[in-house]
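Data first, discussion second: the structure below is written as structure tokens.
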Amino acid sequence: MLPVVVVHGGAGHIPKERSETSTTGVCSAVRAGYAVLQGGGSSMDAVVEAVTQLENNPSFNAGCGSVLNIKGEVEMDAMVMDGKTLASGAVSIVRNIANPIQLARLVMDKTSHVCLAGEGANQFARSMGVPEVPLESLITDYSRMRWKKNLVPGANPVECQMGKMGTVGAVAVDIEGNVASATSTGGILNKMEGRVGDTPVIGSGGYADNEIGAVSTTGHGEAIMKITLARLILFHMEQGQSVEAASDLGLAYMKSRVDGLGGVVTVDPHGHWAARFSSLQMSWAAAQKNTIHYGLYTGEHFTQSIVEPR
């Protein structure tokens, strides 16, 4: 069963013309994460590599594809968690950084804190030698177009968010049975300056515990935070539910209690995995036993050999 890595490219409604790039992107990311595991790397190494690949892909709402806040600027959030020790690192409202997920890992590895935000996070990045990139390098024409569209009076950015591939994330189990989680996002369209979503919040945007499993979430952050979705799913797994059943129970509760839609990728320490969502679509991919599994719509499950190029 081991090792395994599972990634998501965001829950929502993905326009047809962007669905192929979404599927290709998650398959490439999961392949990169799986290569780390096959090379003897840890689950933490694997999830950070997979999410870095997604941050570098302008098709996704993270890194260089991030959506814009009300001022037309990029503010990004990210988190990592190590299931072996419960060590965690997160950054919030980060600007001018190409890979917030790598900065989140540095917070975990190099500080005694869990989360750094805003200018403090950027100062820490400079102290660690992380290069700053121009704001414009993180803004795509697509993101700018959708920002302008949502400035129109009466526009609903939460609904319109579903037209953009969302938050990205990954979970993995390495050959030693250690689990890890990583999640990264540009947030929601036309958000207020300084808004923080679920992604950097431990237990909401993600969680990892070797005794239970690991989860990375995507969807409307405010809804996810209200029910601490990642930890809720792991609670159901503690009660004996399978990865699929626990994921479905968490998502169903979020829909019934706060009318929120979203998706998750989940693993347990034995290598069982699930990619589940209540939204119309979620791009996802998993790699296990030299096979890539992937899909976009509910009930969709394709496979290909790990060696096949896409």
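Since the structure is predicted, the reported quantities are computational estimates derived from the model, not experimental observations.
- Atoms CG and CD, from Leu37 and Gln288 in turn, are 11.0 Å apart once rounded to the nearest 0.5 Å.
- Using modelled atom types and a 3.5 Å distance limit, the side chains of Thr52 and Gln102 yield a donor-acceptor pair.
- Although no hydrogens or angles enter the test, the distance criterion places a donor-acceptor pair under 3.5 Å between the side chain of Glu55 and the main chain of Ile101.
- Note on Met282: it does not cluster hydrophobically with Val215, by side-chain heavy-atom contacts below 4.5 Å among ILVMFWY residues.
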Working for side chain to side chain contact (heavy atoms under 4.5 Å, CB included), residues Ile188 and Val67: CA-CA 7 Å; Ile188 60 172; Val67 298; 5.7 Å; no
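- Looking at every heavy atom in both residues, Ile306 comes nearest to Ala287 through CD1-CB, 4.1 Å.
- Looking only at atom types and distance, the side chain of Asp248 has no donor-acceptor partner in the side chain of Gln241 under 3.5 Å away.
- For Asn61 (side chain) and Gly187 (main-chain N/O), a donor-acceptor pair under 3.5 Å exists by modelled atom type.
- At distances below 3.5 Å, at least one donor-acceptor pair connects side-chain atoms of Asn122 with backbone N or O atoms of Arg95.
- Residues meeting the salt bridge (charged side-chain N to carboxylate O under 4.0 Å, His left out) test with Glu132, sequence neighbours left out: Arg126.
- Annotation for Thr167 and Thr217: closest pair CG2-O, 3.8 Å, computed over non-hydrogen atoms.
- For His272, there are no ring-ring contact (aromatic ring centres under 6.0 Å, His included) partners two or more places apart in sequence or in a different chain.
- Dense packing is recorded around CG of Asn290, with more than 12 heavy atoms of other residues, nucleotides or ligands lying under 6.0 Å away.
- A donor-acceptor contact shorter than 3.5 Å links the side chain of Thr218 to the backbone of Ala11.
- Proximity of a side-chain donor or acceptor of Asp77 to a complementary backbone N or O of Pro200 within less than 3.5 Å is not detected.
- Shown here for Val26 and Ser283, the closest heavy-atom pair between the two residues is CG1-OG, 3.8 Å.
- Smallest separation of non-hydrogen atoms from Ala246 and Ile233: CB-O, 3.4 Å.
- Applying the 6.0 Å contact sphere to CE of Met128 captures more than 12 heavy atoms from other residues, nucleotides or ligands.
- Closest heavy-atom contact between Pro100 and Val91: O-CG2, 3.7 Å.
- Interatomic distance, Arg195 CZ to Ile70 CD1, rounded to the nearest 0.5 Å: 13.0 Å.
- Of the possible polar contacts, one joining the Glu75 side chain to the Gly194 backbone as a donor-acceptor pair under 3.5 Å is found.
- When hydrophobic side chains of Ile, Leu, Val, Met, Phe, Trp and Tyr are connected at separations under 4.5 Å, Val201 ends up clustered with Met225.
- Here the side chain of Ser59 pairs no donor or acceptor atom with the backbone of Ser22 at under 3.5 angstrom.
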Give the C-alpha distance, both sets of side-chain angles, the deciding distance and a yes or no for side chain to side chain contact (heavy atoms under 4.5 Å, CB included) between Val171 and Met81. CA-CA 10 Å; Val171 291; Met81 189 163 183; over 6 Å; no
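- Here Phe277 contributes atom CZ and Ser247 contributes atom OG; the two are 12.0 Å apart, rounded to the nearest 0.5 Å.
- Counting only residues at least two apart or on different chains, the side-chain hydrogen bond (donor to acceptor under 3.5 Å, both in side chains) pairs with a member in residues 203-215 are Asn178-Asn210.
- Taking Ile, Leu, Val, Met, Phe, Trp and Tyr as hydrophobic and joining them when side-chain heavy atoms fall under 4.5 Å apart, one finds Val196 in a cluster with Ile93.
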I would like to know whether Arg276 and Thr266 meet side chain to side chain contact (heavy atoms under 4.5 Å, CB included); could you show each step before the answer? CA-CA 8 Å; Arg276 309 294 286 178; Thr266 308; over 6 Å; no
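- Aromatic ring pairs are classed by plane angle as parallel below 30°, tilted from 30° to 60° and perpendicular above 60°; the pair His301 and Trp273 is tilted.
- A donor-acceptor contact shorter than 3.5 Å is absent between the side chain of Thr183 and the backbone of Ser216.
- Not one N or O on the side chain of Thr24 forms a donor-acceptor pair closer than 3.5 Å with the backbone of Thr21.
- Met79 CE to Ser92 OG: the interatomic distance, rounded to the nearest 0.5 Å, is 12.0 Å.
- Closest heavy-atom contact between Asn190 and Trp147: ND2-O, 3.1 Å.
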Kindly indicate, with the supporting measurements, whether the criterion side chain to side chain contact (heavy atoms under 4.5 Å, CB included) is fulfilled by Arg31 and Gln304. CA-CA 11 Å; Arg31 186 177 278 110; Gln304 63 178 246; 3.0 Å; yes
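- Judged by distance alone, with hydrogens and angles left aside, the side-chain atoms of Asp174 form a donor-acceptor pair with the main-chain N or O of Ser43 at under 3.5 Å.
- No more than 12 heavy atoms of other residues, nucleotides or ligands sit less than 6.0 Å from atom CD of Glu176.
- Rounded to the nearest 0.5 Å, atoms CD1 (Ile212) and NE2 (His236) are 12.5 Å apart.
- For Glu222 and Lys191, the salt-bridge test fails: no basic side-chain N is under 4.0 Å from an acidic carboxylate O.
- Between Leu189 atom CG and Arg146 atom CZ the span is 4.5 Å, to the nearest 0.5 Å.
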Could you list the donor-acceptor pairs under 3.5 angstrom formed by side chains in residues 256-265, with sequence neighbours left out?
unit_1: Ser256; atom_1: OG; unit_2: Ala252; atom_2: O; d: 3.2
unit_1: Ser256; atom_1: OG; unit_2: Tyr253; atom_2: O; d: 3.2
unit_1: Asp259; atom_1: OD1; unit_2: Lys255; atom_2: NZ; d: 3.0

